[in-house]
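The chains referred to below are lettered A, B, ... by the order of the sequence lines, with proteins before strands, and numbering in each begins at 1.
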Amino acid sequence: MSDLRVRFAPSPTGFLHVGGARTALFNYLLARKEQGTFVLRIEDTDVERSTQESVDAILQAMDWLGLSYDEGPFYQSERYDLYKGKVSELLDQGLAYRCYCTPEELSAKREAVTQSGGKPRYDGTCRERTDQPDEPFVVRFKTPQEGSISFVDRIKGTISVENDELDDLIIQRTDGNPTYNFVVVIDDAEMGINLVLRGDDHVNNTVRQIPMYEALGYKVPEFAHVPMILGADKKRLSKRHGATSVMVYREMGYLPEAMVNYLVRLGWSCGDEEIFSMDDLIEKFSLDNVGRSAGVFNPDKLLWLNEHYIKTGDSQRLGDLVTEILVGQGVTVNDGPDMTAVIKTLQDRAKTLVDMADGARFYFQAPSSYDEKAAAKFLNDEKRGVLELLIKHLGELTDFTLEDVEGAFKAIMEESGLKLGKIGPTVRVALTGGTVSPGIYDVVAVLGKEAVMVRLQKALATLELVRQ
RNA sequence: GCGCUCAUCGUCUAGCCUGGUCUAGGACAUCGGCCUUUCACGCCGACGACAGGGGUUCGAAUCCCCUUGGGCGUACCA
């Protein structure tokens with residue numbers, strides 16, 4: 001057990017997106033690797049936008065990814081007393097002050113300053129004010145005006161900003177609610193977080209937060225800022241780039257291990273290795289190999305990884321997952337062939353679980369109609385003999401193992417003088433309704449004698465019908 | 001605009017810190033071939049990058065500077 005304490009602190013204003021998931025993953029990995037503690041904190045100080053649904057969605061997504069936490073979830077909305085106390089503390093010590101400027105005045109000033117080419121910072125109007133009129137006010141933190149602030153980022157190295165670039169941050173709103181930059185400091189400190197590992201977009205906040213740690217008498221933690229994830233156009237990843245919610249990927253038939261593997265490799269590497277299990281990662285992950293530049297989210301590679309994990313995954317587990325999808329689509333699975341056997345015929349040719357479900361459906365539902373083109377080509381009158389032969393030879397089998405099936409096909413080929421290429425497609429259409437399926441011997445063997453005979457007979461009957 | 005920051009194949013990256021072993025390696029994608037009863041898988045191969053310009057050095061992808069480009073921030077959002 002080390003004393004490393006990290007945290008993931010999402011704000012519940014939507015689902016867990018891939019960027020947040022990666023941040024959570026990095027934190028989780030580090031905590032597990034160092035046998036430290038992973039804290040989950042919900043940053044819901046924005047009452048307007050925070051929802052319980054979002055909290056649930058985030059929790060669910062973390063669970064799906066396998067990112068378990070050791071403490072929390074803590075809700076900032078339940079810690080307002082703590083924050084209020086800290087505000088008074090700073091006020092009493094003269095490290096913060098009441099500001100009576102209205103939002104309108106502020107934005108007007110900001111606009112004016114921007115127009116004239118200046119920096120849009122708070123001008124300090126109320127900084128030295130001593131009266132306390134009975135008017136709405138916010139509380140601002142007195143940011144040091146001289147010198148500069150720098151810190152050593154574990155990923156980016158030394159970062160330094162002149163204090164005159166900073167202005168006095170609002171730490172408490174007119175309505176009495178504290179703001180993000182303030183509570184994050186208090187919480188990270190009070191929760192004993194000693195490494196703040198978060199997104200790149202917080203680098204600028206860090207230099208604002210450090211003086212607050214100091215003012216509050218807290219020890220400044222270490223920081224590590226992971227680069228952003230961008231879309232294909234190098235703009236910040238958003239909905240218009242396609243799915244950004246990790247749970248949407250689950251719905252699209254992705255495996256959590258594929259998502260984890262993809263996310264970790266976006267910005268981190270370990271030599272030439274591409275495939276990592278969670279255990280591998282816990283062993284190998286390190287901040288030292290995290291890159292400093294933003295990365296583009298590449299759905300193709302995610303898909304490839306998913307393909308990989310489907311190919312190498314446990315058939316039983318995959319079967320359970322596919323069953324879920326099939327049942328959801330109203331397909332009855334119980335009285336069909338063995339699901340694990342079905343899955344094994346599909347693992348090499350599916351990219352997602354949804355693909356797999358699509359490919360598995362015919363095993364459980366006899367084709368209600370045949371693909372038109374396929375039927376015209378492979379289920380026409382010329383194929384009558386082939387069908388009859390199939391029915392005869394397969395009907396004679398007592399066992400329906402892969403070997404038996406193969407044997408029967410061999411016999412048919414000998415008797416008819418036809419090659420498999422002349423027989424296979426017909427069987428496929430008769431059995432599956434289309435031209436795409438796993439290997440035909442597999443299909444026949446897994447489908448089982450009863451279903452095969454029924455479907456073959458039906459195909460033959462269809463031929464009769466057409467003939468009349 | 002200002003501040004912070006980043007910069008190797010289309011994309012993710014190795015290499016950079018500790019210059020020479022880099023005619024820059026791997027992966028995804030793309031293209032071609034092989035395999036083949038369909039679709040796939042698999043296998044083999046091809047294409048493809050050190051952003052540009054200056055330095056430093058015997059020698060730079062690696063160190064320094066400038067330029068350009070990208071990202072982030074600049075809220076009573078987080």
From the options [options], select the nucleotide whose nearest atom is closest to the side chain of [X].
| X | options | value |
| --- | --- | --- |
| A/D300 | B/rA78, B/rG71, B/rA29 | B/rA29 |
| A/N181 | B/rU37, B/rA78, B/rC72 | B/rA78 |
| A/N205 | B/rU38, B/rU37, B/rA78 | B/rA78 |
| A/I159 | B/rC76, B/rU5, B/rU38 | B/rU5 |
| A/R428 | B/rA78, B/rG3, B/rU38 | B/rU38 |
| A/P120 | B/rU74, B/rC76, B/rG71 | B/rU74 |
| A/L266 | B/rC6, B/rG3, B/rU13 | B/rU13 |
| A/W304 | B/rC16, B/rA78, B/rA29 | B/rA29 |
| A/L106 | B/rU11, B/rG25, B/rC76 | B/rC76 |
| A/Y180 | B/rA78, B/rU5, B/rC6 | B/rA78 |

Whole Å only: how far is the [atom1] atom of [X] from the [atom2] atom of [N]?
| X | N | atom1 | atom2 | value |
| --- | --- | --- | --- | --- |
| A/H202 | B/rC4 | NE2 | P | 20 Å |
| A/F285 | B/rU13 | CZ | C1' | 15 Å |
| A/K235 | B/rG73 | NZ | P | 13 Å |
| A/N298 | B/rG10 | CG | C1' | 9 Å |
| A/E274 | B/rA29 | CD | C1' | 13 Å |
| A/L237 | B/rC72 | CG | P | 11 Å |
| A/M228 | B/rC12 | CE | P | 15 Å |
| A/D188 | B/rA78 | CG | P | 15 Å |

Between [M] and [N] - [atom1] atom distance, rounded Å:
| N | M | atom1 | result |
| --- | --- | --- | --- |
| B/rG15 | B/rC50 | C1' | 10 Å |
| B/rG26 | B/rC72 | P | 33 Å |
| B/rU62 | B/rC43 | C1' | 36 Å |
| B/rC22 | B/rG69 | P | 35 Å |
| B/rA27 | B/rC44 | P | 10 Å |
| B/rU18 | B/rG10 | C1' | 33 Å |
| B/rC39 | B/rC47 | P | 28 Å |
| B/rA14 | B/rA75 | C1' | 41 Å |

Under a 3.5 Å cut-off for both distances, is [N] Watson-Crick or wobble paired, and to whom?
| N | answer |
| --- | --- |
| B/rC4 | B/rG71 |
| B/rG10 | B/rC28 |
| B/rG42 | B/rC34 |
| B/rC76 | none |
| B/rC50 | none |

Please check if the distance between the ring centroids of [X] and [Y] is under 6.0 Å.
| X | Y | answer |
| --- | --- | --- |
| A/F276 | A/F285 | no |
| A/F409 | A/Y441 | yes |
| A/Y309 | A/W304 | no |

Phosphate OP1/OP2 of [N] contacted by [X] side-chain N/O (<4.0 Å):
| X | N | answer |
| --- | --- | --- |
| A/S293 | B/rG70 | no |
| A/S269 | B/rA14 | yes |
| A/K234 | B/rU11 | yes |
| A/R110 | B/rA75 | yes |
| A/K311 | B/rG42 | yes |

Within the structure shown, what part of the strands sits under 4.0 Å from [X] by heavy-atom distance: base, sugar-phosphate, or nothing?
| X | value |
| --- | --- |
| A/P438 | base |
| A/R236 | sugar-phosphate |
| A/G199 | nothing |
| A/V138 | base |
| A/T45 | sugar-phosphate |
| A/S160 | sugar-phosphate |

Is any N or O donor-acceptor pair between the side chain of [X] and the base of [N] shorter than 3.5 Å?
| X | N | result |
| --- | --- | --- |
| A/T174 | B/rC76 | yes |
| A/N204 | B/rG3 | yes |
| A/R292 | B/rC6 | no |
| A/D201 | B/rA78 | no |

Distance check, rounded to the nearest 0.5 Å: A/L91 atom CG versus A/K86 atom NZ?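 One gets 14.0 Å once the value is rounded to the nearest 0.5 Å.
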Taking only residues two or more places apart in sequence or in another chain, which ones pass ring-ring contact (aromatic ring centres under 6.0 Å, His included) with A/F74?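 Scan of A/F74 (ring-ring contact (aromatic ring centres under 6.0 Å, His included), adjacent residues dropped) gives none.
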Next on the checklist: Once you measure the plane-to-plane angle for A/F151 and A/F223, does it fall in the parallel (<30°), tilted (30-60°) or perpendicular (>60°) bin?
Outcome noted: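 Correct class here is perpendicular.
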- 5'-most contact on RNA chain B: A/Y441 or A/C270, nearest heavy atom basis?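 The residue mapped nearer the 5' terminus is A/C270.
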Select from A/D200 and A/C101 the residue whose nearest nucleotide in RNA chain B is closer to the 5' end of that strand.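 Mapping each residue to its closest nucleotide by heavy atoms, the 5'-most match is A/D200.
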- Task: Pull up the glycosidic torsion of B/rC63 and say syn or anti, syn being anything within 90° of 0.
- Result: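 In terms of base orientation relative to the sugar, B/rC63 is anti.
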Item checked: All side chain to side chain donor-acceptor pair (under 3.5 Å) counterparts of A/H202, not counting sequence neighbours ->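 Scan of A/H202 (side chain to side chain donor-acceptor pair (under 3.5 Å), adjacent residues dropped) gives A/Y180, A/N205.
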A/R428 charged N/C atom sitting above A/F378 aromatic ring, 6.0 Å / 45° |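 The answer is no, since A/R428 fails at least one limit relative to A/F378.
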Fill in: From A/S77, A/S11, A/S50, residue fulfilling side-chain hydrogen bond (donor to acceptor under 3.5 Å, both in side chains) relative to A/D44
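Looking at A/S77, A/S11, A/S50, the match for A/D44 under the side-chain hydrogen bond (donor to acceptor under 3.5 Å, both in side chains) is A/S77.
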#### Entry: Heavy-atom donor-acceptor pair, A/N27 side chain to A/L197 backbone, under 3.5 Å
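Yes; at least one donor-acceptor contact below 3.5 Å.
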